[in-house]
Amino acid sequence: MTRPRVAGAVRRDDTIQRLGGQGDNWYSTWAGDGSLYVALCDGSGFPGLVRKNYNSRLYRVDGHPGTSSVSFHDVPGYPDLSTPLDEPFEVATPPTRYYGFGTLAVDDTIYQYLSTWNLPTTEEHMESGELRFIGAKLIYSADGGTTWRNQDGSTPVHWEDWDERSSRNMVFLNEPGETFSLFSILQMGQGYRLNTDGYVYVYAPNGNTEGTMNQLVMFRVPVDSILDRGRYEYFVEAKPDGSAAWSPNIEDRGIVHTFPAGWVNTKAHAYAWQPSITYDPGLDLYLMANWATGPAPDGDWFGKPSYLGLYQSETPWGPWEQFHEETSWTPGGDEEARCYQPQIVPNWIADDGRSFWLVWTDFQSPYTLAESMARMREIRASDASPDDKAAESAALRPYYAFNVQLVELDVTG
(Lines give C-alpha, C1' and ligand atoms only; values in the text may rest on other atoms or scores of the structure.)
Protein backbone atom coordinates (compact mmCIF):
# COMPACT_ATOMS: atom_id res chain seq x y z
CA MET A 1 0.00 0.00 0.00
CA THR A 2 1.37 3.40 -1.00
CA ARG A 3 1.78 5.87 1.83
CA PRO A 4 0.16 9.28 1.61
CA ARG A 5 2.33 12.16 0.46
CA VAL A 6 2.24 15.73 1.67
CA ALA A 7 2.11 18.10 -1.29
CA GLY A 8 2.07 21.37 0.64
CA ALA A 9 1.13 23.16 3.85
CA VAL A 10 -0.76 26.26 4.95
CA ARG A 11 -0.06 28.14 8.15
CA ARG A 12 -3.45 29.29 9.39
CA ASP A 13 -2.86 32.86 10.54
CA ASP A 14 -6.37 33.04 11.99
CA THR A 15 -5.37 30.37 14.55
CA ILE A 16 -2.35 32.18 16.05
CA GLN A 17 -2.38 32.13 19.84
CA ARG A 18 0.13 34.00 22.01
CA LEU A 19 0.17 31.84 25.13
CA GLY A 20 2.65 34.00 27.01
CA GLY A 21 5.46 33.27 29.35
CA GLN A 22 9.00 34.44 28.71
CA GLY A 23 11.58 32.17 27.14
CA ASP A 24 12.41 30.35 23.94
CA ASN A 25 13.00 27.09 22.07
CA TRP A 26 10.22 24.95 23.71
CA TYR A 27 11.45 21.47 22.76
CA SER A 28 8.57 19.14 23.60
CA THR A 29 8.02 15.49 24.48
CA TRP A 30 4.99 13.36 25.40
CA ALA A 31 5.45 11.13 28.44
CA GLY A 32 3.93 7.74 29.10
CA ASP A 33 1.51 9.08 31.72
CA GLY A 34 0.09 11.52 29.15
CA SER A 35 2.02 14.57 30.35
CA LEU A 36 3.37 16.98 27.76
CA TYR A 37 6.68 18.57 28.73
CA VAL A 38 8.32 21.60 27.16
CA ALA A 39 11.85 22.85 27.75
CA LEU A 40 12.52 26.56 28.18
CA CYS A 41 15.81 28.32 27.56
CA ASP A 42 16.78 31.79 28.81
CA GLY A 43 13.64 33.27 30.31
CA SER A 44 11.67 33.82 33.49
CA GLY A 45 8.93 31.30 32.73
CA PHE A 46 5.21 31.76 33.31
CA PRO A 47 3.07 34.01 35.53
CA GLY A 48 1.93 32.34 38.74
CA LEU A 49 5.08 30.20 38.93
CA VAL A 50 8.47 30.91 40.48
CA ARG A 51 10.12 33.61 38.38
CA LYS A 52 13.91 33.59 38.00
CA ASN A 53 16.44 34.13 35.21
CA TYR A 54 16.30 30.52 34.06
CA ASN A 55 18.99 29.29 31.72
CA SER A 56 17.05 26.03 31.31
CA ARG A 57 13.76 24.90 32.82
CA LEU A 58 11.14 22.20 32.21
CA TYR A 59 7.36 22.71 32.35
CA ARG A 60 4.37 20.40 32.16
CA VAL A 61 1.61 21.58 29.81
CA ASP A 62 -2.10 20.84 30.19
CA GLY A 63 -4.73 21.43 27.52
CA HIS A 64 -4.75 21.68 23.74
CA PRO A 65 -4.77 24.89 21.67
CA GLY A 66 -7.47 23.54 19.37
CA THR A 67 -9.96 22.28 21.93
CA SER A 68 -9.21 23.67 25.41
CA SER A 69 -7.26 26.29 27.28
CA VAL A 70 -3.55 25.68 27.74
CA SER A 71 -1.85 26.00 31.13
CA PHE A 72 1.75 25.62 32.26
CA HIS A 73 3.00 24.00 35.45
CA ASP A 74 6.44 23.87 37.01
CA VAL A 75 8.36 20.60 37.32
CA PRO A 76 9.73 21.34 40.80
CA GLY A 77 12.23 18.50 40.81
CA TYR A 78 14.05 19.83 37.75
CA PRO A 79 17.59 20.88 38.78
CA ASP A 80 17.89 24.62 39.25
CA LEU A 81 19.88 26.45 36.60
CA SER A 82 19.06 30.08 37.23
CA THR A 83 20.09 33.39 38.71
CA PRO A 84 17.86 35.76 40.71
CA LEU A 85 15.90 38.36 38.77
CA ASP A 86 18.03 41.10 40.30
CA GLU A 87 21.24 39.60 38.87
CA PRO A 88 22.05 39.93 35.15
CA PHE A 89 23.14 36.95 33.09
CA GLU A 90 26.31 38.78 32.13
CA VAL A 91 28.04 38.70 35.52
CA ALA A 92 31.80 39.02 35.92
CA THR A 93 32.32 35.28 36.36
CA PRO A 94 29.16 33.68 34.98
CA PRO A 95 28.30 30.12 35.88
CA THR A 96 28.68 27.50 33.21
CA ARG A 97 25.44 27.53 31.26
CA TYR A 98 23.60 24.55 29.81
CA TYR A 99 20.74 24.75 27.31
CA GLY A 100 18.08 22.04 27.39
CA PHE A 101 17.33 21.35 23.74
CA GLY A 102 16.86 17.67 22.87
CA THR A 103 14.30 16.19 25.30
CA LEU A 104 12.65 12.76 25.17
CA ALA A 105 10.29 10.78 27.39
CA VAL A 106 10.52 6.99 27.09
CA ASP A 107 7.50 5.85 29.09
CA ASP A 108 7.98 8.05 32.18
CA THR A 109 11.76 8.37 32.04
CA ILE A 110 12.78 11.78 30.73
CA TYR A 111 16.14 12.35 29.05
CA GLN A 112 17.60 15.72 28.14
CA TYR A 113 20.72 16.80 26.25
CA LEU A 114 21.89 20.23 27.45
CA SER A 115 24.26 22.08 25.14
CA THR A 116 27.23 23.99 26.52
CA TRP A 117 29.54 26.75 25.27
CA ASN A 118 33.23 27.06 24.52
CA LEU A 119 33.47 30.34 26.51
CA PRO A 120 31.65 32.25 29.25
CA THR A 121 28.62 34.12 27.91
CA THR A 122 29.90 37.67 28.34
CA GLU A 123 28.70 40.45 26.02
CA GLU A 124 32.22 40.69 24.65
CA HIS A 125 32.25 37.05 23.61
CA MET A 126 28.74 37.28 22.14
CA GLU A 127 29.55 40.36 20.05
CA SER A 128 32.89 39.00 18.85
CA GLY A 129 31.38 35.88 17.34
CA GLU A 130 33.77 33.67 19.34
CA LEU A 131 30.94 32.01 21.28
CA ARG A 132 29.99 28.55 20.01
CA PHE A 133 28.27 25.42 21.28
CA ILE A 134 30.87 22.66 21.57
CA GLY A 135 29.27 19.84 23.54
CA ALA A 136 26.47 18.62 25.77
CA LYS A 137 25.63 17.19 29.16
CA LEU A 138 23.05 14.38 29.45
CA ILE A 139 20.69 14.19 32.44
CA TYR A 140 17.63 12.06 33.14
CA SER A 141 14.74 11.41 35.51
CA ALA A 142 13.37 7.88 35.94
CA ASP A 143 10.40 8.99 38.04
CA GLY A 144 8.57 11.45 35.84
CA GLY A 145 10.61 14.52 36.71
CA THR A 146 10.80 14.23 40.51
CA THR A 147 14.44 13.13 40.84
CA TRP A 148 17.12 14.05 38.28
CA ARG A 149 20.47 12.35 37.79
CA ASN A 150 23.72 12.86 35.98
CA GLN A 151 24.58 10.52 33.12
CA ASP A 152 26.46 8.21 35.50
CA GLY A 153 23.38 7.83 37.73
CA SER A 154 24.58 10.08 40.53
CA THR A 155 22.28 12.67 42.07
CA PRO A 156 21.79 15.58 42.50
CA VAL A 157 22.64 16.96 39.07
CA HIS A 158 25.95 18.80 39.13
CA TRP A 159 26.47 21.71 36.72
CA GLU A 160 30.16 21.30 35.95
CA ASP A 161 32.13 24.53 35.77
CA TRP A 162 34.28 25.36 32.75
CA ASP A 163 37.41 23.54 33.88
CA GLU A 164 35.46 20.53 35.22
CA ARG A 165 34.01 19.49 31.87
CA SER A 166 35.51 16.40 30.26
CA SER A 167 34.58 13.28 28.31
CA ARG A 168 33.83 11.63 31.67
CA ASN A 169 30.92 13.97 32.51
CA MET A 170 29.86 15.31 29.10
CA VAL A 171 28.25 13.00 26.59
CA PHE A 172 29.79 15.07 23.76
CA LEU A 173 32.63 17.58 24.04
CA ASN A 174 34.96 19.08 21.42
CA GLU A 175 34.00 16.55 18.77
CA PRO A 176 35.41 16.67 15.21
CA GLY A 177 34.25 19.87 13.53
CA GLU A 178 32.27 20.76 16.67
CA THR A 179 29.56 18.40 15.47
CA PHE A 180 26.82 17.11 17.81
CA SER A 181 26.50 20.14 20.06
CA LEU A 182 22.85 21.15 19.37
CA PHE A 183 20.40 18.28 19.75
CA SER A 184 16.94 17.32 18.51
CA ILE A 185 15.34 13.95 19.28
CA LEU A 186 12.74 12.16 17.16
CA GLN A 187 9.37 12.06 18.93
CA MET A 188 7.24 8.93 18.37
CA GLY A 189 3.96 9.14 20.23
CA GLN A 190 3.13 8.86 23.92
CA GLY A 191 6.15 7.63 25.86
CA TYR A 192 7.89 6.81 22.53
CA ARG A 193 5.56 3.81 22.22
CA LEU A 194 5.05 4.13 18.46
CA ASN A 195 8.66 3.14 17.89
CA THR A 196 8.98 -0.46 16.69
CA ASP A 197 12.68 -0.96 15.91
CA GLY A 198 14.02 -0.34 19.42
CA TYR A 199 16.16 2.72 18.60
CA VAL A 200 16.13 6.37 19.59
CA TYR A 201 17.18 8.79 16.83
CA VAL A 202 19.04 12.00 17.60
CA TYR A 203 19.88 14.82 15.15
CA ALA A 204 22.22 17.82 15.14
CA PRO A 205 23.90 20.33 12.84
CA ASN A 206 27.32 19.14 11.70
CA GLY A 207 29.13 22.19 13.06
CA ASN A 208 28.94 25.91 13.71
CA THR A 209 29.87 27.47 10.36
CA GLU A 210 28.25 28.11 7.01
CA GLY A 211 28.68 24.86 5.12
CA THR A 212 28.59 22.65 8.23
CA MET A 213 25.72 24.06 10.32
CA ASN A 214 23.34 23.55 7.39
CA GLN A 215 24.36 19.88 7.21
CA LEU A 216 22.21 17.50 9.26
CA VAL A 217 23.86 14.53 10.98
CA MET A 218 22.36 11.93 13.29
CA PHE A 219 22.98 8.94 15.49
CA ARG A 220 20.85 6.12 16.85
CA VAL A 221 21.06 4.25 20.14
CA PRO A 222 19.05 1.34 21.61
CA VAL A 223 16.19 2.66 23.72
CA ASP A 224 17.60 1.01 26.85
CA SER A 225 21.14 2.39 26.29
CA ILE A 226 20.67 6.16 25.89
CA LEU A 227 23.08 6.82 28.76
CA ASP A 228 25.87 4.76 27.16
CA ARG A 229 27.84 6.78 24.60
CA GLY A 230 29.61 3.56 23.61
CA ARG A 231 26.34 2.24 22.10
CA TYR A 232 25.81 5.23 19.80
CA GLU A 233 25.88 4.50 16.06
CA TYR A 234 26.31 7.32 13.53
CA PHE A 235 24.49 7.52 10.22
CA VAL A 236 26.92 6.93 7.36
CA GLU A 237 24.76 6.72 4.24
CA ALA A 238 21.50 5.46 2.83
CA LYS A 239 21.62 2.11 1.06
CA PRO A 240 19.96 1.41 -2.31
CA ASP A 241 17.20 -0.58 -0.60
CA GLY A 242 16.26 2.43 1.58
CA SER A 243 17.88 1.17 4.77
CA ALA A 244 20.84 2.97 6.36
CA ALA A 245 24.47 2.13 7.11
CA TRP A 246 25.66 2.97 10.64
CA SER A 247 29.06 3.16 12.27
CA PRO A 248 30.22 3.28 15.92
CA ASN A 249 32.84 5.88 14.89
CA ILE A 250 31.81 9.53 14.85
CA GLU A 251 34.45 10.20 12.17
CA ASP A 252 32.43 8.01 9.77
CA ARG A 253 29.32 10.19 10.02
CA GLY A 254 27.61 11.11 6.77
CA ILE A 255 25.26 13.92 5.87
CA VAL A 256 21.56 13.12 6.24
CA HIS A 257 20.34 16.31 4.53
CA THR A 258 21.76 19.65 3.43
CA PHE A 259 19.72 22.82 3.94
CA PRO A 260 20.05 26.03 1.89
CA ALA A 261 23.26 28.03 2.12
CA GLY A 262 23.56 31.62 3.25
CA TRP A 263 21.52 31.51 6.46
CA VAL A 264 24.16 31.00 9.18
CA ASN A 265 25.00 34.16 11.13
CA THR A 266 28.60 35.06 11.96
CA LYS A 267 28.03 37.51 14.84
CA ALA A 268 26.57 36.73 18.29
CA HIS A 269 26.84 32.94 18.03
CA ALA A 270 26.04 30.70 15.08
CA TYR A 271 22.45 29.58 15.56
CA ALA A 272 20.44 27.84 12.85
CA TRP A 273 19.16 24.58 11.39
CA GLN A 274 18.08 22.77 14.57
CA PRO A 275 15.15 20.60 13.45
CA SER A 276 12.02 19.37 15.17
CA ILE A 277 11.23 15.84 13.96
CA THR A 278 8.04 14.00 14.88
CA TYR A 279 6.38 10.83 13.64
CA ASP A 280 2.88 11.44 12.26
CA PRO A 281 0.95 8.17 12.80
CA GLY A 282 -2.09 9.33 10.82
CA LEU A 283 0.04 9.53 7.67
CA ASP A 284 2.71 7.00 8.68
CA LEU A 285 5.31 9.64 7.84
CA TYR A 286 8.07 11.48 9.65
CA LEU A 287 7.66 15.25 9.60
CA MET A 288 10.45 17.76 10.10
CA ALA A 289 10.30 21.51 10.70
CA ASN A 290 13.54 23.43 10.35
CA TRP A 291 14.59 27.06 10.37
CA ALA A 292 17.43 29.55 10.15
CA THR A 293 17.76 33.12 11.31
CA GLY A 294 17.93 35.82 8.63
CA PRO A 295 21.46 37.25 8.93
CA ALA A 296 21.96 41.01 8.59
CA PRO A 297 24.55 42.35 6.08
CA ASP A 298 27.14 42.49 8.89
CA GLY A 299 26.46 38.85 9.81
CA ASP A 300 24.42 39.57 12.93
CA TRP A 301 21.47 37.32 13.67
CA PHE A 302 17.81 38.25 13.13
CA GLY A 303 18.59 40.96 10.58
CA LYS A 304 15.56 39.99 8.50
CA PRO A 305 12.71 37.45 8.69
CA SER A 306 13.83 33.87 9.13
CA TYR A 307 13.68 30.78 6.90
CA LEU A 308 11.07 28.07 7.53
CA GLY A 309 11.04 24.67 5.87
CA LEU A 310 8.80 21.61 6.31
CA TYR A 311 9.88 18.15 5.16
CA GLN A 312 8.64 14.54 5.04
CA SER A 313 10.26 11.12 4.98
CA GLU A 314 9.27 7.47 5.22
CA THR A 315 12.20 6.72 7.56
CA PRO A 316 13.99 8.61 10.33
CA TRP A 317 17.08 8.98 8.12
CA GLY A 318 15.39 10.18 4.95
CA PRO A 319 15.56 10.95 2.16
CA TRP A 320 13.84 14.16 3.28
CA GLU A 321 11.49 15.76 0.76
CA GLN A 322 10.62 19.41 1.26
CA PHE A 323 6.93 20.29 0.86
CA HIS A 324 6.87 23.83 2.25
CA GLU A 325 9.37 26.71 2.09
CA GLU A 326 9.29 30.29 3.31
CA THR A 327 12.30 32.53 2.85
CA SER A 328 10.51 35.23 4.83
CA TRP A 329 8.69 33.60 7.75
CA THR A 330 6.18 36.19 8.96
CA PRO A 331 3.22 34.80 10.97
CA GLY A 332 0.18 37.03 10.66
CA GLY A 333 1.94 38.98 7.92
CA ASP A 334 4.11 40.73 10.51
CA GLU A 335 7.22 41.91 8.63
CA GLU A 336 8.95 42.60 11.94
CA ALA A 337 8.75 38.91 12.90
CA ARG A 338 12.05 37.25 13.73
CA CYS A 339 10.84 33.70 14.31
CA TYR A 340 12.88 30.64 15.21
CA GLN A 341 12.80 27.14 16.68
CA PRO A 342 9.55 25.80 15.13
CA GLN A 343 8.41 22.77 17.12
CA ILE A 344 5.92 20.10 16.02
CA VAL A 345 4.31 19.04 19.29
CA PRO A 346 3.87 15.23 19.29
CA ASN A 347 0.41 15.11 20.89
CA TRP A 348 -0.93 18.17 19.05
CA ILE A 349 -1.14 16.31 15.73
CA ALA A 350 -4.63 15.59 14.37
CA ASP A 351 -5.76 11.96 14.49
CA ASP A 352 -5.87 11.82 10.68
CA GLY A 353 -2.39 13.32 10.51
CA ARG A 354 -3.47 16.16 8.22
CA SER A 355 -2.75 19.05 10.56
CA PHE A 356 -0.60 19.91 13.55
CA TRP A 357 0.06 22.79 15.92
CA LEU A 358 3.40 24.52 15.48
CA VAL A 359 5.09 26.25 18.43
CA TRP A 360 7.71 28.96 17.89
CA THR A 361 9.52 31.91 19.47
CA ASP A 362 9.81 35.42 18.00
CA PHE A 363 12.87 37.55 18.83
CA GLN A 364 11.46 40.81 17.46
CA SER A 365 11.67 43.94 19.61
CA PRO A 366 10.99 47.66 19.25
CA TYR A 367 14.45 48.17 20.77
CA THR A 368 17.96 47.46 19.59
CA LEU A 369 19.83 44.69 21.38
CA ALA A 370 21.97 47.30 23.18
CA GLU A 371 18.88 49.22 24.27
CA SER A 372 17.23 46.02 25.48
CA MET A 373 20.29 45.01 27.48
CA ALA A 374 20.53 48.47 29.08
CA ARG A 375 16.86 48.43 30.02
CA MET A 376 17.19 44.87 31.32
CA ARG A 377 19.91 45.99 33.71
CA GLU A 378 17.68 48.78 34.96
CA ILE A 379 14.80 46.36 35.53
CA ARG A 380 16.92 43.85 37.41
CA ALA A 381 18.42 46.58 39.62
CA SER A 382 15.01 48.00 40.55
CA ASP A 383 13.00 47.30 43.71
CA ALA A 384 10.07 45.85 41.75
CA SER A 385 8.62 42.46 42.64
CA PRO A 386 9.80 39.37 40.69
CA ASP A 387 6.50 39.22 38.78
CA ASP A 388 6.74 42.92 37.85
CA LYS A 389 10.35 42.50 36.77
CA ALA A 390 9.37 39.53 34.62
CA ALA A 391 6.49 41.49 33.06
CA GLU A 392 8.70 44.50 32.29
CA SER A 393 11.36 42.24 30.79
CA ALA A 394 8.76 40.50 28.64
CA ALA A 395 7.63 43.85 27.26
CA LEU A 396 11.07 44.32 25.70
CA ARG A 397 10.39 41.33 23.43
CA PRO A 398 6.62 40.79 23.51
CA TYR A 399 6.62 37.56 21.47
CA TYR A 400 9.72 36.03 23.07
CA ALA A 401 7.21 33.54 24.43
CA PHE A 402 5.13 30.46 23.71
CA ASN A 403 3.37 31.09 20.36
CA VAL A 404 1.23 28.49 18.54
CA GLN A 405 -0.41 28.20 15.15
CA LEU A 406 -2.29 25.49 13.26
CA VAL A 407 -0.62 24.10 10.13
CA GLU A 408 -2.86 22.28 7.66
CA LEU A 409 -1.33 19.75 5.26
CA ASP A 410 -2.32 19.15 1.64
CA VAL A 411 -2.22 15.35 1.50
CA THR A 412 -2.46 13.20 -1.62
CA GLY A 413 -2.78 9.43 -1.89
Side-chain angles (χ1 to χ4, degrees), residues 11-31 35-76 78 81-82 85 99-103 105 110 112 145 184 187 271 274-276 278 289 291 293 302 306 308 329-332 334 336-349 355-365 386-387 389-407:
R11 289 188 298 100
R12 286 275 306 279
D13 281 346
D14 60 318
T15 66
I16 291 174
Q17 297 181 39
R18 310 287 189 179
L19 297 179
Q22 190 201 33
D24 66 356
N25 298 333
W26 309 119
Y27 274 72
S28 61
T29 193
W30 188 12
S35 298
L36 171 65
Y37 294 100
V38 296
L40 167 150
C41 292
D42 280 356
S44 60
F46 294 89
L49 305 179
V50 177
R51 309 301 291 269
K52 295 182 180 180
N53 289 322
Y54 292 112
N55 181 203
S56 290
R57 195 68 182 167
L58 195 68
Y59 294 95
R60 180 175 56 81
V61 184
D62 288 338
H64 190 292
T67 60
S68 61
S69 61
V70 177
S71 59
F72 299 86
H73 309 270
D74 204 1
V75 178
Y78 189 82
L81 191 58
S82 68
L85 280 169
Y99 293 78
F101 292 121
T103 306
I110 308 169
Q112 190 174 62
S184 305
Q187 304 295 314
Y271 191 40
Q274 260 183 290
S276 167
T278 303
W291 62 282
T293 59
F302 299 112
S306 303
L308 173 67
W329 178 17
T330 54
D334 182 0
E336 299 302 314
R338 299 293 184 266
C339 303
Y340 62 110
Q341 287 286 8
Q343 302 293 327
I344 303 173
V345 180
N347 61 328
W348 290 355
I349 300 174
S355 66
F356 61 82
W357 288 87
L358 191 73
V359 175
W360 79 95
T361 311
D362 188 339
F363 202 69
Q364 69 169 294
S365 174
D387 280 345
K389 287 184 179 183
E392 290 187 57
S393 298
L396 297 174
R397 297 194 182 279
Y399 300 142
Y400 183 78
F402 197 95
N403 310 296
V404 301
Q405 179 180 37
L406 184 67
V407 176

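The backbone N or O of L406 lies less than 3.5 Å from a partner atom in the side chain of T15, making a donor-acceptor pair. Distance alone, capped at 3.5 Å, places no donor-acceptor pair between the Q343 side chain and the V359 backbone. At least one donor-acceptor pair under 3.5 Å links the side chain of R51 to the backbone N or O of G45. Using modelled atom types, one side-chain atom of T361 and one backbone atom of N25 make a donor-acceptor pair closer than 3.5 Å. At least one donor-acceptor pair under 3.5 Å links the side chain of S68 to the backbone N or O of H64.
Taking all atoms of both residues into account, the shortest heavy-atom contact from P331 to A337 is CD-CB, 4.0 Å. The heavy-atom pair separating I16 from G332 by the smallest distance is CD1-N, 3.6 Å. Contact between C41 and D24 at its shortest, heavy atoms only, is O-OD1, 2.7 Å. In this structure, Y37 and A31 approach most closely via the heavy-atom pair CE1-CB, 3.7 Å.
The closest side-chain heavy-atom distance from V404 to W348 is below 4.5 Å. For the pair D62/V70, no side-chain contact is recorded, criterion being any heavy-atom separation below 4.5 Å from C-beta on. S28 places a side-chain heavy atom less than 4.5 Å from the side chain of P346. Counting heavy atoms from C-beta on, the side chains of W30 and S35 never come closer than 4.5 Å. In this structure the side chain of C339 never reaches within 4.5 angstrom of the side chain of L308, judged on heavy atoms. When side chains are defined from C-beta on, S365 does not count as touching Y400, because their heavy atoms never get closer than 4.5 Å. Looking only at side-chain heavy atoms (C-beta outward), W329 and P342 come within less than 4.5 Å of each other.
Atom CG of D14 and atom CZ of R12 lie 4.0 Å apart (nearest 0.5 Å). Here the CG-CG distance, from L81 to N55, works out to 4.5 Å after rounding to the nearest 0.5 Å. Distance check: D42 CG to S56 OG gives 7.5 Å after rounding to the nearest 0.5 Å. We find the NE2-CG distance between H73 and L58 to be 13.0 Å, quoted to the nearest 0.5 Å. Rounding to the nearest 0.5 Å places CZ of F356 at 14.0 Å from CG of N347. For the atom pair S393 OG and N53 CG, the distance stands at 7.5 Å (nearest 0.5 Å).
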Decide yes or no on side-chain hydrogen bond (donor to acceptor under 3.5 Å, both in side chains) for Q274 and S184, but give the supporting numbers first.
-> CA-CA 7 Å; Q274 260 183 290; S184 305; 4.8 Å; no
Starting from the C-alpha separation in whole Å, work towards a yes-or-no answer on side-chain contact (heavy atoms from CB on, under 4.5 Å) for Y54 and L40.
-> CA-CA 8 Å; Y54 292 112; L40 167 150; 3.9 Å; yes
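Side-chain atoms of Q112 and T103 form a donor-acceptor pair, as typed in the model, at a separation below 3.5 Å. Between the side chains of D334 and Q364, at least one donor-acceptor pair of N or O atoms lies under 3.5 Å. Under the 3.5 Å distance criterion, with hydrogens and angles disregarded, no donor-acceptor pair is assigned to the side chains of Q187 and Y27. At a cut-off of 3.5 Å, with distance as the only test, no side-chain donor of N403 or D362 sits close to an acceptor on the other residue. Side-chain contact, R11 with Q405: a donor N or O sits under 3.5 Å from an acceptor N or O.
If you look at F402 and W26, their ring centroids are closer than 6.0 Å. With ring centers used as reference points, W291 lies under 6.0 Å from Y271. Between Y59 and F46, the ring center distance clears the sub-6.0 Å criterion.
The side-chain tip of R57 does not point at the ring of Y78 from less than 6.0 angstrom away and within 45° of straight on. Judged by the 6.0 Å and 45° rule, R60 forms no cation-pi pair with F72.
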